[in-house]
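Inspection log for the structure reproduced underneath, given as structure tokens.
One is the number of the first residue; the rest follow in order along the sequence.
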Amino acid sequence: MQYSLLTTAVAAAAAEGGPSTPIMPHTPELIWGLLMFGVIFLIVWKFAWPQLEGIVAARADAIEGGMERAAKAEAEAAAAKKQYDDQLGEARSEAARIREHAKEQGAQIIEEMRTQAATEASRITETAHKQIEAERQQAMVQLRGEVGQISTDLASKIVGESLQDEVRQRGIVDRFLADLSEGAIQPEKLGASAEQGL
């Protein structure tokens with residue numbers, strides 16, 4: 001409504017030939033303004049607009065490229081994470097395999113040590129038995145000699161004659177010890193016969 005009043009007022013003033021309103025410019029200014037607007041529009045449309053379109057297109061390409069690069073980087077990160085997870089899984093399975101192998105080797109080493117210890121114990125026991133047997137044999141030989149000497153001295157005193165002949169002495173001692181070991185001579189009988197002889 002105000003627009004129609006303003007238009008009516010401008011038309012009335014122009015018809016009367018009175019002074020122009022401050023809203024309406026002078027006709028030469030209007031023409032020059034329209035002409036300059038057209039020139040500036042043509043310059044902007046011919047030169048500036050393509051550059052602006054290029055800048056906008058480059059910016060859109062940069063944004064799209066950035067999005068593509070981000071998607072590509074995300075895909076690479078996902079692939080790297082998958083590779084890392086795979087390597088981590090392989091490392092864990094390798095560690096489990098190494099632990100299992102170490103357990104098996106430990107059990108094998110323990111079994112070998114037990115076998116070696118048992119073998120060594122058997123060898124030591126056998127050596128000890130052999131040494132004991134050798135010492136027993138040596139003691140028997142030494143004891144035979146001493147018993148032979150004592151019994152010969154005793155028999156010499158009882159019989160009243162010398163039994164110092166070594167061959168005869170050995171024969172008597174061996175026969176006496178053989179009878180003793182076979183059970184033909186009992187220690188009690190020996191003691192009783194010695195008492196009866198006295």
Side-chain angles (χ1 to χ4, degrees), residues 59-198:
R59 184 68 179 155
D61 286 345
I63 290 171
E64 288 177 8
M67 290 173 66
E68 288 176 5
R69 284 192 302 274
K72 186 177 179 182
E74 185 177 351
E76 288 176 359
K81 184 180 182 301
K82 184 180 181 309
Q83 182 181 4
Y84 170 75
D85 289 341
D86 291 345
Q87 288 177 350
L88 184 61
E90 288 175 10
R92 284 181 179 158
S93 62
E94 180 70 16
R97 188 183 62 77
I98 289 172
R99 277 195 307 271
E100 188 64 32
H101 184 65
K103 284 180 185 177
E104 289 173 2
Q105 280 186 337
Q108 183 180 3
I109 289 170
I110 289 171
E111 187 60 33
E112 287 175 2
M113 294 298 285
R114 283 183 183 160
T115 305
Q116 186 178 2
T119 304
E120 186 68 18
S122 297
R123 187 187 64 77
I124 289 171
T125 304
E126 186 178 339
T127 304
H129 283 304
K130 286 180 181 178
Q131 186 176 1
I132 290 169
E133 183 62 28
E135 288 176 0
R136 189 178 74 77
Q137 289 293 334
Q138 183 180 1
M140 286 291 288
V141 168
Q142 186 178 0
L143 188 59
R144 276 183 188 234
E146 290 176 5
V147 167
Q149 182 64 39
I150 292 171
S151 62
T152 309
D153 290 345
L154 185 61
S156 295
K157 288 180 183 176
I158 292 172
V159 172
E161 64 180 76
S162 175
L163 298 173
Q164 294 301 324
D165 182 13
E166 192 174 326
V167 175
R168 181 187 253 179
Q169 181 182 358
R170 245 190 227 152
I172 293 170
V173 170
D174 287 340
R175 191 173 52 239
F176 175 74
L177 289 176
D179 289 345
L180 187 63
S181 60
E182 288 176 5
I185 300 175
Q186 296 294 329
E188 295 86 23
K189 291 180 183 177
L190 182 64
S193 62
E195 287 176 3
Q196 288 172 0
L198 291 174

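Atom CZ of R59 and atom CG of D61 lie 11.5 Å apart (nearest 0.5 Å). Taking CG of D86 as the reference point, atom CD of E90 lies at 6.5 Å (rounded to 0.5 Å). With rounding to the nearest 0.5 angstrom, the CZ atom of R99 is 11.0 Å from the CD atom of E94. With rounding to the nearest 0.5 Å, the separation of CD1 in I124 from CD in Q131 is 12.0 Å.
Side-chain atoms of E100 and R97, non-hydrogen and from C-beta on, never get closer than 4.5 Å to each other.
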Exercise. Apply the test side-chain hydrogen bond (donor to acceptor under 3.5 Å, both in side chains) to residues Q142 and Q138: give CA-CA distance (whole Å), side-chain angles for both, the deciding distance (0.1 Å), then the verdict.
Key: CA-CA 6 Å; Q142 186 178 0; Q138 183 180 1; 5.4 Å; no
Exercise. Could you walk me through whether Q105 and H101 pass side-chain hydrogen bond (donor to acceptor under 3.5 Å, both in side chains), step by step?
Key: CA-CA 6 Å; Q105 280 186 337; H101 184 65; 3.1 Å; yes
Quiz prompt | Stepwise salt bridge (Lys or Arg N to Asp or Glu O under 4.0 Å) check, E120 with R123 | solution = CA-CA 5 Å; E120 186 68 18; R123 187 187 64 77; 2.4 Å; yes
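Residue-environment remark: CD (E104) exceeds the threshold of 12 foreign heavy atoms within 6.0 Å.
One finds a salt bridge joining E126 and K130 here, because a Lys/Arg side-chain nitrogen approaches an Asp/Glu carboxylate oxygen to under 4.0 Å.
For the side-chain contact (heavy atoms from CB on, under 4.5 Å) with T115, the qualifying choice from E112, E111, M113 is E111, the only one to do so.
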